[in-house]
Amino acid sequence: MTNLNSNRVEQVAREDLVMFINACLACTGQKEFYDDAYGQRVSIDFLHDYILGNYRLLYARTLAAGINHFNQAQIILKLLATGKDTIPEHRQEEGALIAHALNSLPPQRAWGVLQQLRQRKINNRRSRAIARDYLSMRRDMSFDAVKYRAKVRAIATHAHLKLQGELGTFLFRNWKQKSYSTQLFEQFRQAHYSAEAIYNLPFTIAEGFAVKHKVPRDVFLSRIQQQMTLGEKLRLQGAAERNETDINVDFGLLPLTKLALYILSLPWHIRQQQRDILHQALERSARLALKKAPLKLGKVAAVLDCSYSSSGSSEKRRRPLGIAMAAHYLLQAAAQEYQAFWTVPVEDSLQVNARGQTDLATPLLAALATGAELIIIISDGCENDPPNGAAEVLRVYRNKLDPMRRTSIIHCNPVFNSDDFSLRTLSPAVPTVGLRDAEDLPTMLNFARFAEGSAPLSELETYLAQRVEQFLTASSLTCTSFRVDC
C-alpha cells in the first residue's frame with residue numbers, strides 16, 4: 001500500500017509539472033480565439049501559485065525549461081515576493097536562476113519586471129540586490145537611462161540604489177544643466193533645443209522630439225533608420241510606405257516566427273509580387289534558428305492547421321497561423337525528407353490564409369500514408385470537421401497499425417485553454433506540448449517524452465536539473481557572477 005501511495009504521489013507531481021510547463025510554453029495572458037484575456041490570466045496565475053506552493057525548487061528550475069518571457073517574468077516576481085520560504089540549501093541556485101533569467105529577457109521586459117517590484121511593493125533584501133546587479137550588468141547603462149528613463153528612475157528609488165557618475169544627476173536632478181560629459185546624456189539635452197540632435201537618440205525617444213520640433217514624418221523616418229531596431233523597422237513598414245519612405249530591413253535576420261507573422265500581415269498581391277524575396281528570407285531565418293538550436297531529422301511530415309481559428313485574436317493576430325508557417329520552414333530545413341499537409345490545401349505556403357473548418361483527419365491520413373518517421377501536428381486542437389476525427393484516426397493507427405510506435409507523432413499546441421488549465425489534446429495516444437514560437441521546436445520535441453506520460457518524475461527532475469546547468473553556463477554569467485544576497 002505504501003508503494004502504491006508513493007507511486008501515485010510521484011505520478012501526480014509529474015502530471016502537475018508537465019501541465020505547468022506546457023502552460024508556460026503557450027500562455028501569455030492575452031486574449032485567444034476561444035478565450036478572453038481575463039480567463040487566461042486567472043488560470044495561469046492559479047497554476048503559478050499552485051506549483052510555487054507545492055514544488056518550489058522545480059518551480060524555480062522551470063525558468064531554464066525554455067518557457068516564454070511572460071511566464072519567466074511571473075516566476076521571477078513570485079520568487080522574489082516569497083524569498084523567505086526558500087530552503088537555505090536552494091537559495092544560491094534560486095538567486096542565480098532569477099538573476100540569469102532577468103538578464104536573458106529583452107530589456108523592455110526586464111525593466112518592466114523590476115518596475116513591477118515597486119507596483120507590488122516587493123522590497124526585500126534579495127529584490128534590491130537583483131535590481132542592483134541588473135543595473136551593474138548592463139553594457140550601456142546610459143542608453144537604457146535615456147530609453148527607459150522613467151522606469152530606471154522608479155527602480156533606483158524603490159531599491160535605494162547608489163548611482164555612479166552622471167547617471168543619478170541625469171535621472172533625478174536636472175537634465176537642463178549646462179552640459180554632460182556622457183555623450184548620450186548630452187545629446188538628449190541638446191535634442192530639447194535642436195532638431196538635428198534627435199537623430200543620435202534611440203528611436204522611441206527621438207520620435208517624441210521629432211513631433212516637438214515639427215519634423216516632417218518622411219524626413220524623420222528616412223534619417224532615423226540607423227537608430228532603429230529590426231523590430232522597429234518591421235513595425236514601421238506600413239507608415240514608411242504611406243510617407244513614401246524606404247526603410248531597409250534584412251528580413252533574413254528577423255526571428256523566424258516574427259517574420260512569418262509579418263508576411264501574413266501583407267496583402268495577398270504583395271506576397272505574390274515579392275514571393276521569391278520572402279521565401280528566401282524565411283529559409284535564411286530558419287537556417288539561423290537551427291544554428292542556435294540544432295535539429296536534425298529524417299523523414300518528416302507535418303499536419304498544419306490553417307482553419308479560421310488560426311487567425312488568433314485582436315491581441316495575438318494570426319499567431320497560430322504564423323507559428324504553423326514558421327514551423328513549416330524550420331522542419332523543411334531540418335529534415336532530410338519533408339512533406340506538409342494543411343487543413344485547407346494550398347499550392348504555396350506563402351499564400352496560406354486562416355479560413356474554413358478544422359479538418360485534421362484528412363491531412364493526418366495523408367501524412368501517415370507517407371511513411372514518415374516523425375509526424376508533427378500544429379493545431380489549437382479544436383477539431384470540428386468532423387469532431388474528434390483525428391482522435392479516431394490516431395486511436396486506430398496506434399492500436400491496430402502501429403502498436404510498437406515506430407512512427408513518432410507529436411501534437412504542438414500554440415493556444416492555452418484556460419477552462420482546464422492545460423492545452424487541448426487530440427488524443428491520449430499522442431503527447432501534446434505547448435509552442436510559443438516555431439524556434440522552440442527543438443526544445444519541445446525533447447520535452448514531448450514527458451508529456452506522453454511514460455517518463456517517471458525522477459527523469460523529469462533530472463531533465464530540469466540539466467537544463468538549469470546549461471542555462472547558467474550558457475554565457476559568462478554563472479552562479480558565482482551574481483552578488484545576490486539571499
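Along the sequence shown, residues carry numbers from 1. The shown structure was predicted, so the numbers you read here are calculated from the model rather than taken from an experiment. Values below: all heavy atoms of this structure, side chains included; hydrogens, waters and symmetry mates excluded.
- With hydrogens and angles ignored, the 3.5 Å screen pairs no side-chain donor or acceptor of Q227 with any backbone N or O of F203.
- Remark: side-chain polar atoms of S422 are not paired, donor with acceptor, to backbone N or O of M19 under 3.5 angstrom.
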For a quick test of your reading: what N or O donor-acceptor pairs under 3.5 Å do the side chains of residues 287-294 make, sequence neighbours left out?
none

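- Rounded to the nearest 0.5 angstrom, D49 CG and I44 CD1 are separated by 10.5 Å.
- Panel note: side chain E166, backbone T182; a donor-acceptor pair is recorded below 3.5 Å.
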task: Test ring pair (Phe, Tyr, Trp, His ring centres under 6.0 Å) on F188 and F170 and set out the steps.
output: CA-CA 10 Å; F188 179 85; F170 176 77; 5.2 Å; yes
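- Side chain of N413 to backbone of R424: a donor-acceptor contact under 3.5 angstrom is found.
- In this structure, the side chains of Y34 and N417 stay at 4.5 Å or more apart for every pair of heavy atoms.
- The local environment of CD in E89 is crowded, with over 12 non-hydrogen atoms from other residues, nucleotides or ligands closer than 6.0 Å.
- Residues V42 and F46 are not in side-chain contact: their nearest non-hydrogen atoms beyond the backbone lie 4.5 Å or more apart.
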message: As a quick check of understanding, evaluate ring pair (Phe, Tyr, Trp, His ring centres under 6.0 Å) for Y308 and F33, giving each step before the final call.
response: CA-CA 9 Å; Y308 184 62; F33 186 86; 5.6 Å; yes
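- A side-chain donor-acceptor contact under 3.5 Å links R126 to the backbone of L79.
- Taking CD of E186 as the reference point, atom OG of S181 lies at 9.0 Å (rounded to 0.5 Å).
- Applying the salt bridge (charged side-chain N to carboxylate O under 4.0 Å, His left out) test to pairs two or more places apart or on separate chains, those with a residue in residues 194-210 are E196-R223, E207-R217.
- Note on residues 52-61: pairs passing side chain to side chain donor-acceptor pair (under 3.5 Å), not counting sequence neighbours, are D16-Y55, H48-Y59, R56-T82, R56-T86, R56-E94, R61-E93.
- R128 pairs in a side chain to side chain contact (heavy atoms under 4.5 Å, CB included) with only one of the listed residues (D133, N123, L161), which is N123.
- T169 has its side chain out of reach of L163: every pair of non-hydrogen atoms, C-beta onward, lies at least 4.5 Å apart.
- Between D437 and R319 there is a salt bridge, with a side-chain nitrogen of the basic residue lying less than 4.0 Å from a carboxylate oxygen of the acidic one.
- Using a 30° and 60° split on the angle between ring planes, F447 and Y463 fall in the tilted class, from 30° to 60°.
- Remark: side-chain polar atoms of D305 are not paired, donor with acceptor, to backbone N or O of S310 under 3.5 angstrom.
- A donor-acceptor pair under 3.5 Å is absent between the side-chain atoms of Q40 and the main chain of D35, judged by distance alone.
- Rounded to the nearest 0.5 angstrom, L77 CG and Q72 CD are separated by 12.0 Å.
- Judged by distance alone, the side chain of H100 and the main-chain N or O of F471 form a donor-acceptor pair under 3.5 Å.
- With H158 contributing its side chain and I122 its backbone, the two residues share a donor-acceptor pair below 3.5 Å.
- A donor-acceptor contact shorter than 3.5 Å links the side chain of S285 to the backbone of L256.
- With F70 as the aromatic partner, R41 does not meet the cation-pi criteria of under 6.0 angstrom to the ring centre and within 45 degrees of the ring axis.
- We find that K147 and E232 are joined by a salt bridge, their nearest charged nitrogen and carboxylate oxygen being less than 4.0 Å apart.
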